[in-house]
Asks: 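The structure's right below; bear with me while I get my questions together.
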Amino acid sequence: MPSYTPPLRDMKFVLHELLDVTTQLRQIPQHADIDADTIDSVLEEAGKFCAEVIFPLNQVGDREGCKYVGDGVVTTPTGFKEAYKQYVDGGWPSLGCDPDYGGQGLPHILSSAVMEMMNSANQSWSMYPGLSHGAYNALQAFGTPEQKKLYLPKLVSGEWTGTMCLTEAHCGTDLGMLKSRAEPQPDGSYAITGTKIFISAGEHDLADNILHLVLARLPDAPQGTKGISLFIVPKFLPTADGKVGARNGVKCGSIEHKMGIHGNATCVINLDGAKGWMVGAPNKGLNAMFVMMNTARLGVGMQSLGLAEVAYQNSLAYAKDRIQSRSLTGPKNPQKPADPIIVHPDVRRMLLTQKAYVEAARAFSYWAGLAIDREHKHPDPQMRKDMADLVALLTPVIKGFITDNGYECCTLAMQVLGGHGYIAESGLEQYVRDARINMIYEGTNGIQALDLIGRKVLADAGAKLMKFGKAIQDVMKRYADDPAMKEFIEPVQALLGEVQKVTMEIGQKAMKNPDEVGAAADPFLRLIGHLVFSFGWVYQAGVAIKKVEAKDPDPFYQAKLTTARFYFAKLYPETATLLKKIRAGSAPLMALDAALF
Ligand SMILES: Cc1cc2nc3c(=O)[nH]c(=O)nc-3n(C[C@H](O)[C@H](O)[C@H](O)COP(=O)(O)OP(=O)(O)OC[C@H]3O[C@@H](n4cnc5c(N)ncnc54)[C@H](O)[C@@H]3O)c2cc1C
C-alpha cells in the first residue's frame, strides 16, 4: 500500500524563501492583506483533506473504475461521491475564485499548490473539480453578465461541475476539422448536434448538474479554425432561479476503457439538438479556449508534479527499508544480512533524479502560478505585460517538460521497487499508468514543442525568449561576486549562450525548409526546460548556501545544495546531446520515404 505525506517543508521553502510570495502578492491590491499564516494554514488544511480523504480512494478508483450503467448514467468508484461532498462542504472549490460569485479570492499560486497535493493524492478524482475550474475560467473571461450570474456561483460552490468538449473522432490536434453544428434558434439559443469523444468528467454522479463547454460550427461559419464557436450546454437546463430544470439533449453514450486514470470517466458525449448558448463572439471559440489554456496547461503540469512527488516518496521509503546485497564500499548495516538498497549508486541515481526533477518542477510551477497572478492583477501595466510574455513563452515548457519528466520519475520510482513495483499492490505501477495521459491531453507534448518554437519563439523573432534571457542575466549578475555560486552560475550562462545561438540557427534553416522547425521542436523544448530548471536550481542553491554558511541547523538546506549539485552533474549534461540533436536537422527524419518504413 502506498502512502502520501504532503511535502509542506519544500512547498513552504518555495513559497516563502524562494519566491517571497507574501511580499510579491501584497503588491497586488486584491491580495494586499495576505499573510504567511493564511497561506500556510490553507496548505496544511488542504494537505489533510488530500492525505486523509482522497488519497485512500486512489487505489479503489483504479481497481473499480467508473461504470456506464445505461441510458447515459455513469457511476464513480466507491467513496468518490462522499469525498466530493466533503470537498464542497469544506468550501474548497471556491478557493481561487472571484468573491463576486462566492469565491474566496485567494491567489492562483495558492490554488496551484493545493492542486499539486490533490493530484498526488488522487489525480482521477481531482480531475472532476479541475475540469470545473476550466469551465469557470472560460465563462468568467467570455460569458455575458447573465451567463456569469447564472452559472458561475454554481461552479464556484461546486454544486455543478464543468467539462471541456473539444475533441471529435476525426479531430483532436487539428480542431479546424470539427463538425459539430450549432443552429440558431428564435429564442437566441442554439440547437447543437454532434458527437464529442474523450470528454473527461463528461458524466458522473458527483453533482446535480454538468455544464458542458462545447466547440461547434455555425451554419455559415468559415472553414477551419476561424469558423469555430463556443457554447455552454447544460445537462439539465437551469430554471430562471438557477435550479435544475428539464433534461437537455446531451447525453453520455459510453465511457472508455483505458490505461490509467480509471476513476475519471472519459466519455463519448452525444449532442442531439441540445440547447446551448454562445459564449464569446461567433467564430472566436478557439480564442476563448486559448485564453484559458495557460491555466489548464499549468494544471496538467501540476498533475505530473503531484504524481512524481508521491511516487518519489514511496520509492524513497522502500529504498531505506529494503535490504539487498552489500554496499560496494563495505557493509553499512553489519547487524543485518544485507544493506538497504539506498546505499547503491544506481538506486541513488533513480532517487536523486526524481528528487531533482520534482523540486525543480515545484519551484518552476509555483513561480508560474505567481506570474499568472501578476499577469492578471498587478497594478503596473508593464509588469502585467512582462508576466504575460513569460507565461506565454513558458506554458508549453510547463506542460511538456514537467509531464515528460513526471512520467520518467514514476517509472524510476517503480524501478526502485524492482519486481514489487510492477505488482499492483505497491501502487507504483498505477502512477506510471496515470502519468502517461498527461503527456497526451491538453495538446500532446509534440504540439507543445511546436507551439514553443513556432508561435512563442520564432514568430516574434525571439523577443520573449530574449526577455527571459535578460531576466536570467540579471539574476546571474546578482551572484557574480559570490565564489560559492560559481559552480551553479557558469553552466546556466553557458546554456543561455547556446540557446541563443541555436535558436538563430533554427530560424535561419527554417527560412529555407519549414520542416527544420518541426524537427528541432522536441529537443528544443527539453533544452529550454533545462534552461529553466538550471536557472531555478541557481535560485534554490543561492538560498541554501546562505543558510549553510550561516550554520543553520536544518539539514534541509544541505540536502538542497547537494541536490542542486546532482542536477548540474547528472541531469544538466543532457543539454549537450539536445544541442547535437537539434543541429542534426530534419534530413535524418525526412529522408526515408513513407513507403519504406
Ligand atoms: C483520457 C483522455 C482524456 C481526455 N480529455 C479530454 C477532454 O476533457 N476534452 C477534450 O476535448 N479532449 C480530451 N481528450 C482528447 C485529447 O486532448 C486528444 O487526444 C489530444 O489532443 C490528441 O488528439 P488525438 O488523440 O486526436 O491525436 P491526433 O491529433 O490524431 O495526433 C496523433 C499524433 O500525431 C501528432 N500530430 C498531430 N498533428 C501534428 C502536427 N501538426 N505536427 C506534429 N505532430 C502532430 C500528435 O502529437 C500525436 O502524437 C482526452 C483524451 C484522453 C485519452
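Nothing fancy with the numbering, it's 1 onward along the sequence.
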Asks: Given the rule in the side-chain hydrogen bond (donor to acceptor under 3.5 Å, both in side chains) test, do H108 and K377 qualify, once you have shown the distances and angles that lead to the verdict?
Replies: CA-CA 11 Å; H108 186 76; K377 297 175 277 192; over 6 Å; no
Asks: Verify the distance criterion only: is there a donor paired with an acceptor across the side chains of S120 and E309 at less than 3.5 Å?
Replies: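 Note: S120 and E309 side chains miss the donor-acceptor criterion.
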Asks: Applying salt bridge (charged side-chain N to carboxylate O under 4.0 Å, His left out), run through E203 and K235 and close with a yes or a no.
Replies: CA-CA 9 Å; E203 182 56 63; K235 175 178 164 186; 2.7 Å; yes
Asks: Do S124 and H262 have side-chain atoms, one donor and one acceptor, less than 3.5 Å apart?
Replies: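 Side chains of S124 and H262: no pair found under 3.5 Å.
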Asks: Pair F49, Y87 - check ring-ring contact (aromatic ring centres under 6.0 Å, His included), show working.
Replies: CA-CA 8 Å; F49 174 80; Y87 179 75; 5.8 Å; yes
Asks: I'd like to check S200 versus T163 (side-chain heavy atoms, cut-off strictly below 4.5 Å). Are they in contact?
Replies: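 A side-chain contact under 4.5 Å is absent here.
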Asks: Please tell me whether Q140 and D98 have a donor and an acceptor in their side chains that are separated by less than 3.5 angstrom.
Replies: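 The answer is yes; a qualifying pair exists.
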Asks: With the side chain counted from C-beta on, respond yes when S254 and C267 share a heavy-atom pair under 4.5 Å apart, and no when they do not.
Replies: no
Asks: Salt bridge (charged side-chain N to carboxylate O under 4.0 Å, His left out) for D386 and K467? Distances and angles first, verdict last.
Replies: CA-CA 8 Å; D386 288 347; K467 198 178 259 190; 2.8 Å; yes
Asks: Can you confirm whether the side chains of K196 and H212 place a donor and an acceptor under 3.5 Å from each other?
Replies: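 On atom types as modelled, these side chains do not qualify, holding no pair under 3.5 Å.
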Asks: Is E159 salt-bridged to K154, going by a charged N under 4.0 Å from an acidic O?
Replies: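 Counted as a salt bridge, because a side-chain N and a carboxylate O are separated by less than 4.0 Å.
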Asks: If you measure only the distance, is there a donor-acceptor pair under 3.5 Å linking the side chains of Q123 and Y431?
Replies: no
Asks: Any donor-acceptor pair under 3.5 Å linking the side-chain atoms of N438 with those of S304?
Replies: yes
Asks: Before giving the answer on side-chain hydrogen bond (donor to acceptor under 3.5 Å, both in side chains), spell out for K399 and N445 the whole-Å C-alpha distance, their side-chain angles and the decisive distance to 0.1 Å.
Replies: CA-CA 7 Å; K399 201 288 184 173; N445 285 1; 2.9 Å; yes
Asks: Can you list the steps and then say if W160 with F236 is a ring-ring contact (aromatic ring centres under 6.0 Å, His included)?
Replies: CA-CA 10 Å; W160 298 358; F236 292 100; 9.2 Å; no
Asks: Does the side chain of N405 pick up a donor-acceptor pair with the side chain of R526 at under 3.5 Å?
Replies: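 Present: a donor and an acceptor within the cut-off.
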Asks: Test ring-ring contact (aromatic ring centres under 6.0 Å, His included) on Y441 and F198 and set out the steps.
Replies: CA-CA 10 Å; Y441 60 21; F198 297 163; over 10 Å; no
Asks: If you look at every heavy atom in V250 and P234, which pair is closest and at what distance?
Replies: CG1-O, 3.7 Å
Asks: Does the pair D451/K456 count as a salt bridge with the N-to-O cut at 4.0 Å?
Replies: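 Salt bridge present between D451 and K456.
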Asks: Under 3.5 Å, is there a donor-acceptor pair between the E168 and S180 side chains?
Replies: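 Yes, because at least one side-chain N or O of E168 sits under 3.5 Å from a partner of the opposite role on S180.
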Asks: For residues K81 and T76, is any side-chain donor paired with an opposing acceptor at under 3.5 Å?
Replies: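 Checked: K81/T76 side chains show no N/O donor-acceptor pair below 3.5 Å.
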